[in-house]
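Contents: one structure, followed by commentary.
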Amino acid sequence: MCRHDGHRISQATVLRLLRDEGLLLEANYQRERRQLAARRKAAFATEPSRPNQVCDIGVACLDKSPA
């Protein structure tokens, strides 16, 4: 039992209230995050060997001078 402001309430009541208000994450949240991390890691054939190697995008320079 929990005590808050002199009221005794059970843990189940607290969990139900938090769930009803949308303040709890779903149970599969961590599983989804792990799967996302695994897919992100699998996107690279080789592991980055130096800093900023992942950020290499290859942006082309556009000529904006008037013709």
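Computed from a predicted model, the values in this text were never measured in an experiment.
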**Message:** Rounded to the nearest 0.5 Å, what separates atom CD in E21 from atom CZ in R16?
**Reply:** 11.0 Å
**Message:** List the residues meeting side chain to side chain donor-acceptor pair (under 3.5 Å) with E32, not counting sequence neighbours, and say none if there are none.
**Reply:** N28
**Request:** Say whether L23 and V14 are linked into one hydrophobic cluster, either directly or through other cluster members, by side-chain heavy-atom distances under 4.5 angstrom.
**Result:** yes
**Message:** Please find the pair of heavy atoms, one from L18 and one from L24, that lie closest to each other, and give the distance.
**Reply:** CB-CG, 3.7 Å
**Message:** I'd like to check the side chain to side chain contact (heavy atoms under 4.5 Å, CB included) partners of L17; sequence neighbours left out, ordered by chain and number.
**Reply:** T13
